[in-house]
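Each remark here refers to the structure printed beneath this line.
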Amino acid sequence: MPQEELYRQAVDRFGAELARFMRGYERDRMKLEELQQELHLAVWQSLAGFRGECSLRTWIYRVAHHVGAAHVKRSIRDGEGLSLEEAE
């Protein structure tokens, strides 16, 4: 199946789920929008290597997890974690 068709299928089937999933990685609305754009780019790029050895849903969530985890690592590295007051 062509990459574009797979991408459209993934977004149609899992787009709303993925939006909710990514909210678990970012609370700030503006940063969340950027993170979701980053996710869509990563999904698009990853589908070039999708061989159907797992379900499309599994593949997409694996990509989403990697994007989210990288986002958290960057946030921690850049000192954007919670303050002590927020953590309490």
Side-chain angles (χ1 to χ4, degrees):
M1 186 176 301
Q3 184 177 359
E4 184 175 335
E5 189 176 330
L6 274 174
Y7 174 76
R8 287 182 185 179
Q9 183 181 29
V11 170
D12 288 345
R13 291 175 59 195
F14 311 116
E17 286 180 42
L18 288 172
R20 283 191 305 275
F21 185 71
M22 297 315 283
R23 282 194 293 264
Y25 289 100
E26 181 57 63
R27 293 183 301 179
D28 181 88
R29 187 172 180 252
M30 299 274 296
K31 290 179 184 177
L32 177 60
E33 288 178 17
E34 291 177 14
L35 182 60
Q36 289 177 342
Q37 289 177 0
E38 183 181 338
L39 171 62
H40 280 270
L41 176 61
V43 166
W44 169 260
Q45 291 172 334
S46 76
L47 288 172
F50 181 69
R51 296 185 303 263
E53 294 174 359
C54 63
S55 73
L56 181 59
R57 185 177 192 274
T58 298
W59 182 271
I60 299 303
Y61 270 91
R62 181 175 166 219
V63 171
H65 170 72
H66 287 294
V67 169
H71 173 74
V72 169
K73 284 173 114 175
R74 275 193 312 273
S75 295
I76 291 170
R77 183 191 68 218
D78 296 342
E80 296 177 13
L82 294 175
S83 68
L84 290 177
E85 293 80 25
E86 290 174 317
E88 292 174 350

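Being a predicted model, the structure only gives us computed values, none of them experimental. Atom set for the values below is all heavy atoms of this structure, side chains included, hydrogens, waters and symmetry mates excluded. We count residues from 1, following the sequence as given.
Atom-to-atom distance recorded for Leu56:CG and Gln9:CD is 5.5 Å, nearest 0.5 angstrom. Atoms CZ and CD, from Phe50 and Gln3 in turn, are 12.0 Å apart once rounded to the nearest 0.5 Å. How far OH of Tyr7 is from CG of Leu41: 9.0 Å, rounded to the nearest 0.5 Å. To the nearest 0.5 Å, atom CG of residue Leu32 and atom CE of residue Met30 are 11.0 Å apart. With rounding to the nearest 0.5 angstrom, the CD atom of Glu5 is 9.0 Å from the CZ atom of Arg8. Put simply, CG on Leu35 and NE2 on His40 are 10.0 Å apart, with the number rounded to the nearest 0.5 Å.
For Arg29, the side-chain contact (heavy atoms from CB on, under 4.5 Å) partners are Glu33, not counting sequence neighbours. Taking Phe21 as the reference, Tyr25, Tyr61 meet the ring-ring contact (aromatic ring centres under 6.0 Å, His included) condition, with sequence neighbours excluded.
Between Val63 and Ser46, the shortest heavy-atom contact is CG2-OG, 3.5 Å. Nearest heavy atom pair, residue Leu18 against residue Ala64, reads CD2-CB, 3.8 Å. For Arg13 against Glu17, the heavy-atom pair with the smallest separation is O-OE2, 4.1 Å.
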Original post:
Between Glu38 and His71, does a side chain to side chain donor-acceptor pair (under 3.5 Å) hold up when you go through it step by step?
Top reply: CA-CA 10 Å; Glu38 183 181 338; His71 173 74; 5.3 Å; no
